[in-house]
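Working notes, beginning with the structure itself.
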Amino acid sequence: MSRSQSVEDYLKAIYKLENESEGGVSNSRLSEEMNVAGASVTNMVKRLSKMGLVNYESYYGSRLTDAGEKIALEIIRHHRLIELYLTEMMGYSWDEVHEEAEKLEHHISEQFEDRIAELLNNPQFDPHGDPIPGKDGKMPKVHLFSLMEIKEKTSCVIRRVKNQDPDLLRYLEERNLIPGVKIEIIKREPFDGPVHISVEGENEVVIGANVASDIFVVNRA
């Protein structure tokens, strides 16, 4: 099957949106995610449907077929392995790797993918804590909680930062709010106010509710 980079980007975006909503993806949502005109999305969805990669219904949106999901997970695996390789082996910081991986994910061979995975001891998570799909094309099931779901006076460990905006990642790293760090929710202000956090039992930091909602943890230290 001939696959362009554009096809792979759309499949990856549909996978992301489909899992966020647990339902079909409308063309308008896909247009916003891809930052392209609605007409372009409509044409691509029709193309993906003809290729057997997407099932589309007017009122329910797009859903990946098994074949479409397999391709999406393959590209996501490439992306997350590359991110980890760049941080672990090449000294990139976690705020730099997303854009580099976006460029490279479409162009590595399966042999190169296997070599990276072997070199990194078949990792399960990328630098941001996102799970890496397995070679078998399956996404690992990870049960995490948003920081906004955690009660006050509760200890937990950061496992994932969902938002990969470079400015946000640098902001969090400066405050040591990164995967693997133990924290405790000291206080949460009402009405979506800021969250007070103890980091590793030492420093106290305060972050906004919108930032806290992008930090995911396991509820145990």
Side-chain angles (χ1 to χ4, degrees), residues 1-65 67-87 92-108 125-133 139 146 148 160-173 192 207-216:
M1 181 187 301
S2 176
R3 284 164 27 191
S4 67
Q5 180 173 325
S6 181
V7 164
E8 292 176 347
D9 282 339
Y10 269 89
L11 294 175
K12 189 172 68 167
I14 293 171
Y15 179 87
K16 173 189 173 184
L17 296 174
E18 192 175 345
N19 280 272
E20 286 179 353
S21 64
E22 298 184 352
V25 178
S26 68
N27 285 0
S28 60
R29 289 180 66 224
L30 191 52
S31 175
E32 182 179 353
E33 175 71 18
M34 298 292 295
N35 194 28
V36 297
S40 297
V41 170
T42 299
N43 290 334
M44 178 56 81
V45 167
K46 290 179 179 178
R47 179 182 172 192
L48 295 174
S49 181
K50 289 180 180 178
M51 295 172 71
L53 302 176
V54 163
N55 289 324
Y56 176 77
E57 296 181 50
S58 297
Y59 295 102
Y60 298 98
S62 297
R63 288 179 178 270
L64 296 177
T65 62
E69 182 175 292
K70 181 179 179 181
I71 295 171
L73 288 172
E74 176 189 336
I75 301 304
I76 292 170
R77 176 173 167 81
H78 288 180
H79 183 101
R80 295 178 179 175
L81 282 172
I82 290 169
E83 285 192 336
L84 192 60
Y85 179 81
L86 291 173
T87 55
Y92 278 71
S93 60
W94 74 331
D95 58 282
E96 298 175 316
V97 294
H98 181 72
E99 290 302 321
E100 292 290 346
E102 284 284 297
K103 301 170 188 174
L104 296 170
E105 64 188 21
H106 305 281
H107 306 296
I108 67 171
F125 303 96
D126 75 4
H128 312 102
D130 291 316
I132 298 174
M139 180 69 82
S146 164
M148 295 302 292
R160 180 190 180 208
V161 175
K162 182 179 179 181
N163 190 328
Q164 296 184 12
D165 176 79
D167 290 334
L168 174 62
L169 294 177
R170 285 190 289 270
Y171 172 86
L172 293 176
E173 187 166 23
D192 292 328
I207 59 175
N210 59 328
V211 174
S213 65
D214 281 327
I215 297 175
F216 288 80

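Hydrogens, waters and symmetry mates are skipped; everything else that's a heavy atom, side chains included, is used. Bear in mind that the values here come from a model prediction, so they are computed numbers and not experimental data.
Side-chain contact, Asp126 with His79: no donor N or O sits under 3.5 Å from an acceptor N or O. Side-chain contact annotation: Gln164 with Asp130, donor-acceptor N/O pair under 3.5 Å present. With hydrogens and angles left out, the side-chain atoms of Ser6 and Ser4 include no donor and acceptor closer than 3.5 Å.
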*Begin with the C-alpha distance, continue with both residues' side-chain angles, and end with the deciding distance and a verdict on side-chain contact (heavy atoms from CB on, under 4.5 Å) for Ile207 and Tyr171.*
CA-CA 10 Å; Ile207 59 175; Tyr171 172 86; 4.0 Å; yes
*Would Val7 and Arg47 satisfy side-chain contact (heavy atoms from CB on, under 4.5 Å), going step by step from the backbone distance to the final call?*
CA-CA 9 Å; Val7 164; Arg47 179 182 172 192; 3.8 Å; yes
*asked:* Set out, in order, the CA-CA distance, both residues' side-chain angles and the distance that settles side-chain contact (heavy atoms from CB on, under 4.5 Å) for Tyr60 and Asn55, then state yes or no.
replied: CA-CA 10 Å; Tyr60 298 98; Asn55 289 324; over 6 Å; no
*Run the salt bridge (Lys or Arg N to Asp or Glu O under 4.0 Å) check on Lys162 and Asp214 step by step: do they pass?*
CA-CA 5 Å; Lys162 182 179 179 181; Asp214 281 327; 5.5 Å; no
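Put simply, the side chain of Ser21 gets close to the backbone of Leu17: a donor and an acceptor are under 3.5 Å apart. Proximity of a side-chain donor or acceptor of Glu96 to a complementary backbone N or O of Ser93 within less than 3.5 Å is detected.
Atoms CD and CD1, from Glu105 and Ile75 in turn, are 6.0 Å apart once rounded to the nearest 0.5 Å. The distance from atom CG of Leu168 to atom CD1 of Ile215, rounded to the nearest 0.5 Å, is 7.5 Å. We find the CG-CG distance between Leu11 and Leu64 to be 6.0 Å, quoted to the nearest 0.5 Å. Atom CD1 of Ile14 is separated from atom CG of Asp9 by 11.0 Å, given to the nearest 0.5 angstrom. Atoms OH and OG, on Tyr59 and Ser26 in that order, are 14.0 Å from each other to the nearest 0.5 Å. If you take OG on Ser40 and CG on Asn27, they are separated by 11.0 Å, rounding to the nearest 0.5 Å.
In this structure, the side chains of Val36 and Met44 stay at 4.5 Å or more apart for every pair of heavy atoms. No side-chain heavy atom of Val211 sits less than 4.5 Å from a side-chain heavy atom of Asn163. No side-chain heavy atom of Val97 sits less than 4.5 Å from a side-chain heavy atom of Ile82. Residues Lys16 and Val25 fail the side-chain proximity criterion, which asks for heavy atoms closer than 4.5 Å. Proximity of Val161 to Phe216: side-chain heavy atoms (C-beta onward) are nowhere separated by under 4.5 Å. Glu173 is not listed as a side-chain neighbour of Leu169, based on a closest heavy-atom distance of 4.5 Å or more. Side-chain atoms of Arg80 and Pro127, non-hydrogen and from C-beta on, never get closer than 4.5 Å to each other. In this structure the side chain of Tyr15 reaches within 4.5 angstrom of the side chain of Met139, judged on heavy atoms.
Nearest heavy atom pair, residue Ser31 against residue Ala37, reads OG-C, 3.9 Å. Nearest heavy-atom pair, Ala101 versus Glu83, reported as atom, atom and distance to 0.1 Å: CB-CG, 3.7 Å. The two residues Glu18 and Ser62 have their closest heavy-atom pair at OE1-O, 4.5 Å. Among all heavy-atom pairs drawn from Pro133 and Arg77, the shortest one is O-NH1, 2.8 Å. Considering every non-hydrogen atom in both Ala212 and Met148, the closest pair reads CB-SD, 3.6 Å. The minimum heavy-atom distance linking Phe125 with Leu84 is given by the pair O-CD2, 3.6 Å.
For Asn19, the CG atom is densely surrounded, since the number of other residues' heavy atoms within 6.0 Å is greater than 12.
Between Arg3 and Glu74, at least one side-chain nitrogen of the basic residue sits less than 4.0 Å from a carboxylate oxygen of the acidic one, meeting the salt-bridge criterion. Using a 4.0 Å cut-off between a side-chain N of Lys or Arg and a carboxylate O of Asp or Glu, Lys12 and Glu102 qualify as a salt bridge.
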